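Contents: one structure, followed by commentary.
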Amino acid sequence: MFRHLYLSVLLACLLVPSLAFPPPDLGKDGVNVKFPKPQKYTGPMKIPDREHPFKAPGPGDKRGPCPALNTLANHGYLPHNGVASANELITATTHAFNLGYNFSMAVSALAVLGRGNVLLDKVSIGGEHRLVPPLKGKIDGTPGGLSKHGRFEGDVSMTRVDAFHGDSGVFRMEMYEELLSFVDRYGDGDIVTPEVFAEYRFKRYNDAMADNPVLTWHSGRLGFSYGEAGFILNLFRNSKTGNLTRPDMDKFFIEERFPDNWYRRETPFEFNDIREAVDVVKDPHPVRPGKKDANGTYVLDTREVNPYLGTSCGTYYDLLVPNIAAVLLKTTGQTRKNVDTYLDAMYNLFIPFNCSGRLLPEGPAEL
Ligand code: HEM
Ligand SMILES: *[C@@H]1O[C@H](CO)[C@@H](O)[C@H](O)[C@H]1NC(C)=O
Ligand SMILES: *[C@@H]1O[C@H](CO)[C@@H](O)[C@H](O)[C@H]1NC(C)=O
Ligand SMILES: *[C@@H]1O[C@H](CO)[C@@H](O)[C@H](O)[C@H]1NC(C)=O
Ligand SMILES: *[C@@H]1O[C@H](CO)[C@@H](O)[C@H](O)[C@H]1NC(C)=O
């Protein structure tokens, strides 16, 4: 009898893994979102320190489309399971990469608003995770995590395929090898130069034009995709030597691990630096935001799609207004309070550009 019970419990555990590991307390009362204070020291620093050695992800650990967040999770600067709060994202990216504080706050807020759970202040840096359940009543579908296409993850990435072709969250070695062939052609020996990304990014744009019939490349996403090329040049760079080398870039993309003897940049990378970095990569081959229509024709965005097109306010508008679910404004209590905290964090980045005040999400909810 006892033995029988034991066997059936064992069996149940094998069949229903969730029984073997009871769901953690998801804190349905939620958390009151708080952001960390800016770091005091903002100069160069050796990363990682002794407390953050590399540890490869295990079976349940989430990794996704961002090589930097994956690296931070592999070193324990973010939780190793790949589920993080905005606070943790800000602390990790400002500390380990010297990402600008205001910029980090805004993108971390966008990540949770778009692909996480705003009541619990959690987002998966990869695919869905049980620690990031839907909001009550599934008012905005399942959060999905940063790997889910749309809102943050988008087309014309450098080392991930467009969602039309498959899982856009996973690293593709063959794409990275193509990027390396551009280092061979446009780099300075082993040094990865801006020309490499000017040419490779344009190649990726032409690829997507040719082979993605549902290409969506609105200005927010266009800005991010060029900004990310700028991140590689300016944030994966070793401030000890001054340059980004090919072996160091391999470390970040292939192993998702900090290179040996690596130092973060000398100064925080602020939004103005990002805007400059975008121009450096984009100016040699100007491209314009748009979206393919039902006939597969690429239709350029107009002021009807984005009233602030061509300005930094256009980026703000694009990332928030049509992109984030309007239903979040209909929530109450702690959920609504957190939504406001995230919206404030996004607004703060754009205050200097005199957009018409704090914008609000008007986007559709997800199913
Ligand atoms: C809280 C901060 C951050 C968030 C929420 C975030 C999130 C993301 C997401 C969702 C993507 C996928 C976009 C796509 O479809 O291509 C992405 C791509 C990328 N991120 Fe991050 N990221 C953050 C910080 C950083 C930092 C600090 C770096 C560099 C040090 C970085 C480097 C990159 C690069 C290079 C890509 C493009 C990969 C590719 O195109 O193949 N990110 N990030
Ligand atoms: C960051 O935001 C604060 C608050 O709006 C502002 O005072 C500060 O100048 C911003 N920092 C940068 C580098 O833009
Ligand atoms: C970085 O690379 C450039 C050439 O692309 C070179 O002029 C410069 O000296 C390098 N910097 C260091 C510190 O090696
Ligand atoms: C697609 O092409 C057909 C035939 O030329 C045309 O009637 C239709 O309006 C087009 N649709 C769009 C969305 O442009
Ligand atoms: C925003 O407005 C202020 C005050 O009118 C002005 O000094 C500043 O140059 C404007 N900034 C931008 C980016 O237009």
Side-chain angles (χ1 to χ4, degrees), residues 35 38 42 47 64-72 77-78 84-116 123-126 144-163 168-172 175-176 178-179 197 200-201 204 216-217 220-237 244 249 252-253 256 258 262 264-265 267-275 277 311-313 319 344-345 347-356:
F35 296 135
T42 56
I47 300 287
C66 180
L69 299 185
N70 294 346
T71 299
L72 291 170
Y77 284 108
L78 287 174
S85 65
N87 190 311
E88 288 165 334
L89 288 171
I90 298 159
T91 304
T93 53
T94 55
H95 175 79
F97 285 110
N98 217 352
L99 185 61
Y101 175 72
N102 290 357
F103 182 80
S104 186
M105 269 206 291
V107 288
S108 301
L110 176 68
V112 183
L113 279 170
R115 287 285 167 239
V123 61
S124 159
I125 66 170
L146 293 180
S147 288
K148 188 173 179 180
H149 181 59
R151 293 190 176 171
F152 206 136
E153 194 292 315
D155 291 335
V156 204
S157 303
M158 292 169 281
T159 65
R160 271 76 172 160
V161 296
D162 287 1
S168 52
V170 298
F171 173 71
R172 306 284 172 166
M175 293 176 75
Y176 186 69
E178 191 177 11
L179 167 58
F197 284 100
Y200 181 65
R201 264 240 136 280
R204 287 291 302 119
T216 302
W217 217 40
R221 172 59 200 150
L222 188 158
F224 269 22
S225 45
Y226 277 78
E228 286 154 6
F231 277 12
I232 299 172
L233 287 164
N234 295 286
L235 299 182
F236 286 165
R237 180 172 76 76
L244 171 66
M249 189 167 77
F252 284 114
F253 276 98
E256 302 190 320
F258 283 103
W262 188 86
R264 74 173 195 185
R265 39 178 295 116
T267 55
F269 204 59
E270 307 287 0
F271 192 41
N272 280 335
D273 301 316
I274 296 169
R275 298 192 317 137
T311 68
S312 288
C313 299
L319 293 172
D344 288 343
Y347 179 43
N348 183 58
L349 188 65
F350 295 94
I351 289 175
F353 302 100
N354 302 332
C355 311
S356 37

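Predicted model, so just to flag it, every value in this text is computed and none were measured. Order of listing sets the numbers, starting from 1, for every ligand and every atom in it.
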In this structure, atom 22 (N) of ligand 1 is nearest to the protein heavy atom C66 SG, 3.2 Å

Which atoms from ligand 2 have a heavy atom of E270 less than 4.0 Å away? 13 (C)

Give the atom numbers and elements of ligand 5 that come within less than 4.0 Å of a heavy atom of N354. 1 (C), 2 (O), 3 (C), 8 (C), 10 (C), 11 (N), 12 (C), 14 (O)

Under 4.0 Å from atom 13 (C) of ligand 5, do we find at least one protein heavy atom? yes

Work out whether the distance between some heavy atom of I351 and some atom of ligand 2 is less than 4.0 Å. no

If you measure every N/O of N102 against every N/O of ligand 2, is any gap under 3.5 Å? yes

Donor-acceptor pair, distance only, cut-off 3.5 Å: does the side chain of R221 make one with the backbone of T216? no

Taking only non-hydrogen atoms of P352 and a 4.0 Å limit, the atoms of ligand 5 in range are 11 (N), 12 (C), 13 (C)

Contact atoms of ligand 1, heavy-atom distance to T159 under 4.0 Å: 39 (C), 40 (O), 41 (O)

Can you name the one residue among E153, H149, K148 that meets side chain to side chain donor-acceptor pair (under 3.5 Å) with S168? E153

May I ask whether atom 9 (O) of ligand 5 is less than 4.0 Å from at least one protein heavy atom? no

R221 near ligand 1 by a heavy-atom separation under 4.0 Å: yes

In terms of side-chain geometry, is the basic nitrogen of R204 or D162 positioned less than 4.0 Å from the acidic oxygen of its partner? yes

